[in-house]
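Order of the sequence lines fixes the chain letters, A, B, ..., with proteins taken first and strands second; residue numbering starts at 1 for each chain.
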Amino acid sequence: MSPAVDLPCDGDGVCMACKNKPSELETMTCRTCATPWHVECLSRPPETLALAADWQCPDCCLPAEGALSDIAASGAGSGGALEDLIASIRAIEADESLTEQEKARRRQELMSRGAGKEKGQEEEEEDREKQNGDGANDVLGLLDEKFNCSFCMQLPERPVTTPCGHNFCLKCFQKWLGQGKHTCAKCRAPIPPKMVSQPRINSALVVAIRMAKTVKPVPGNKTTVYHYICNENRPEKAFTTERAKKSGKANACSGQIFVTVPPDHFGPILAEHDPKRNKGVLVGESWEDRMECRQWGAHLPHVAGIAGQSGYGAQSVALSGGYEDDEDHGEWFLYTGSGGRDLSGNKRTNKDQSFDQKFDKMNEALRVSCRKGYPVRVVRSHKEKRSAYAPETGVRYDGIYRIEKCWRKVGIQGFKVCRYLFVRCDNEPAPWTSDENGDRPRPLPEIKELKRATDTTERKERPAWDYNEKDGWVWTKPPPHSRKILASGDVEENKSGRKRRLKSTNVRERLLKEFKCEICGKVMTFPLTTPCAHNFCKKCLLDSYDDQSFIRERTSGGRTLRAQKIVKKCPSCTTDISDFLQNPQVNRELMDLIESLQQKIREENLDADEEASDERENNDEKVDTKEKNDGAGEEDSDGIDAEDGDGVGEKCHTVGRKEEANCFSSESGQNLQKAQKRLMGVSSAE
DNA sequence: GAAGGAGATATT
DNA sequence: AATATCTCCTTC
């Protein structure tokens, strides 16, 4: 429609004009908007090398139609505005502390700010940004940057969707149109005249974005995916921060956590938790040091020997020779609790005990694992020099143990220490044995020191991790539900967490409802947004026109008349969308969002199913929990959480205990199927 | 060359 | 604040 419009390169570096991918030498980058352009396809390439170095693209430079001048004209209006703006942009460019991405963001911000903004609007903008930051982005983690308006880099306030399926703020869009641009700023597809003169707000998006912005950050769920994503931006190896480098000191930063288990995951780390290798953490696997061991989730704390939470349980321990009372017999060992040492000041290596250990903190966590019969992962470090079972180098995963008993005794140094009897109970043989089978239940060793023991605790209930002839060592009840709802750094892990979570579930489901096709009423598949801002499944919309042709041939008395365009009204209004229907483009951003939402909901349903099982377990235990009040203050009852399952768990209540114990692992598979079916019910539009 | 001081780091 | 570490650096 327009003569020789200059086109830049797209995100993949392909020139939108000639469709070739020019080499770096053949492209020029605009100094203002940092967009690459194919030099050969420019209608007016720079004449000299000097000009090329300081080149501005056609979108940014031409005084008559350039964005900058328009902004200057429509903005402050004063003569110096343009110069000011350019000076500001140069300043951003020159700022070496900014990343390229940050520079681009600031440039965009400046451009949109320059365009005649009233006072107070900036503040509003900041608020909005804030909300984007800890609201939408964190809440759902779904309305991420790819959904932002490409002009202002924010979630669209009044979103409009082009027929080519791209979303922008109305204001930004209109500003763009005001510059005489009648093509999509993202893909350069032409924008129909009707939309130019009267852009429509996509109200489905409005509601969705508003909802996302108004909810507070929610703890995600404990799904593996979540924990994985949290670590994506870390390097693969442990690293040294700039700060540490400066002082020439330690390399104590952990690299990525590769496994997708929550930090308080009990038991083996299975293949399903290991997206990287898909094999899980195997017995005998070893790592260079505690940092690397941490990355594979076998034992997370990089200093402490016990991983656990008082009142909840301990997930893993490390044997590294820190306590001289330890006694290692391979298949069983006596472990000493932590504490009792004065490490104040800089006495990090102080091995001298100066006070009694108590069953608190980590020691209490171990005691909980003892009472419940939880599986505890054990790693041995080369630093354990007195044990024949310790590895020569590095840190090795030796499998699952159970704590059969714990007590206190007076240790070698004369102060009381907490003691734990660990007995191996893994389906895989230990790294030091030539036996090809895993452990079988074995009689407890005779412990001489038990005679002088105090505060002895033995397990009274059925262990959560136990042996049966058919399956070996398995969970006899659902593993404790992860309390690590948020990623590291979370401090708000309490009862209110559950409320917010409940809300978030609803929000996600409501969000999905917002994305209903206006024809089939189900969540859209391949969503189309018409220029009149109505949303449909691609299939629904295309199917609703019997006559697939766009032009009607007319004849009159043997004479061919001018062909007549067939009017195709939008199913939701009277607008003729026949032009749009010729080449309807799926709103990919919207589709991605919908898919993410569905994925989240599916995971949450799975989660809810598990929680329902948790509750059932709790009910069973209610009788004997009375005597235990340990950690009551900080432990929020799992039973409350279970209500999240919106009735999903109901059915499970009819399942007998015995069956449930045996088929626990297959149960989750069934849940997956159930969840998938539910989801299909919502989303299948075909 | 070994031992230990000191600073960094992550989790409770 | 504590912790069953890691590293670089200094001291013996």
Side-chain angles (χ1 to χ4, degrees), chain A residues 227 230-231 234-235 237-257 262-265 287-295 297-328 333-355 357-358 360-366 368 378-387 390-391 393-396 411 413 417-418 420 422 483-484 486-491 493-494 631 633-635:
Chain A
H227 288 284
C230 269
N231 282 288
R234 282 191 172 250
K237 280 210 148 208
F239 61 99
T240 311
T241 56
E242 287 306 315
R243 188 171 162 209
K245 266 185 206 157
K246 233 176 220 167
S247 52
K249 287 289 167 7
N251 166 21
C253 276
S254 163
Q256 226 178 86
I257 308 292
D264 55 359
H265 167 83
W287 307 279
E288 207 173 300
D289 51 30
R290 285 282 293 270
M291 280 302 183
E292 207 189 343
C293 169
R294 166 187 163 77
Q295 291 185 271
H299 184 70
L300 279 159
H302 74 139
V303 174
I306 304 166
Q309 304 77 30
S310 64
Y312 181 68
Q315 293 83 24
S316 57
V317 296
L319 285 110
S320 42
Y323 285 84
E324 50 188 321
D325 287 291
D326 285 3
E327 215 180 280
D328 194 356
F333 60 87
L334 293 175
Y335 195 72
T336 310
S338 61
R341 290 167 175 176
D342 179 17
L343 297 171
S344 58
N346 196 23
K347 301 181 208 150
R348 291 172 194 79
T349 48
N350 188 1
K351 298 253 188 271
D352 296 334
Q353 258 194 275
S354 51
F355 52 95
Q357 289 184 357
K358 285 189 295 190
D360 62 358
K361 298 177 182 171
M362 293 305 146
N363 297 345
E364 175 56 15
L366 282 174
V368 172
V378 170
V379 298
R380 281 183 174 84
S381 157
H382 67 101
K383 292 195 172 174
E384 168 59 271
K385 298 294 182 202
R386 293 163 307 137
S387 163
T393 54
V395 183
R396 184 187 64 208
Q413 297 194 14
V417 289
C418 298
Y420 304 86
F422 278 71
R483 304 201 303 184
K484 291 301 160 100
L486 282 181
S488 60
D490 169 37
V491 277
E493 186 188 304
N494 49 25
E634 51 189 302
E635 189 174 21

Could you tell me whether A:Ile306 contacts a base, only the sugar-phosphate backbone, or nothing, with contacts defined as non-hydrogen atoms closer than 4.0 Å?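 The answer is nothing, as A:Ile306 stays clear of every strand by at least 4.0 Å.
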Indicate, with a heavy-atom threshold strictly under 4.0 Å, whether A:Thr240 touches base, sugar-phosphate, or nothing.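 Answer is nothing: A:Thr240 stays at 4.0 Å or more from every strand.
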Without decimals, in angstroms, what is the distance between [X] [atom1] and [N] [atom2]?
{"X": "A:Phe355", "N": "C:dA2", "atom1": "CZ", "atom2": "P", "answer": "8 Å"}
{"X": "A:His299", "N": "B:dT11", "atom1": "NE2", "atom2": "P", "answer": "12 Å"}
{"X": "A:Lys385", "N": "C:dA4", "atom1": "NZ", "atom2": "P", "answer": "18 Å"}

Would you state whether a donor and an acceptor, one from the side chain of A:Asp326 and one from the base of C:dA4, lie under 3.5 Å apart?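 Donor-acceptor pair under 3.5 Å: yes.
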Starting at the 5' end of DNA chain B and moving along, which residue's nearest nucleotide shows up first, A:Asn251 or A:Phe239? A:Asn251
So for atom CD, which belongs to A:Glu288, do other residues, nucleotides or ligands contribute more than 12 heavy atoms lying within a distance under 6.0 Å?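 At most 12 heavy atoms, drawn from other residues, nucleotides or ligands, come within 6.0 Å of this atom.
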Considering only C:dT7, B:dA8, B:dT12, which nucleotide approaches the side chain of A:Met362 most closely?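 Comparing C:dT7, B:dA8, B:dT12 against the side chain of A:Met362, the answer is B:dT12.
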Indicate whether OP1 or OP2 belonging to [N] is found under 4.0 Å from a side-chain N or O atom of [X].
{"X": "A:Arg290", "N": "C:dT7", "value": "no"}
{"X": "A:Lys383", "N": "C:dC6", "value": "yes"}
{"X": "A:Ser254", "N": "B:dT9", "value": "no"}
{"X": "A:Arg294", "N": "B:dT11", "value": "yes"}

When both hydrogen-bonding distances must be under 3.5 Å and the geometry is Watson-Crick or G-U wobble, what is B:dG5 paired with, if anything? C:dC8
cation_pi(A:Arg234, A:Phe239) dist<6.0 Å, angle<=45: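 That pair does not qualify as a cation-pi contact.
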Salt-bridge test for A:Glu384 and A:Arg386: reply yes if a basic N is under 4.0 Å from a carboxylate O, no otherwise.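 Looking at A:Glu384 and A:Arg386, the cut-off is met.
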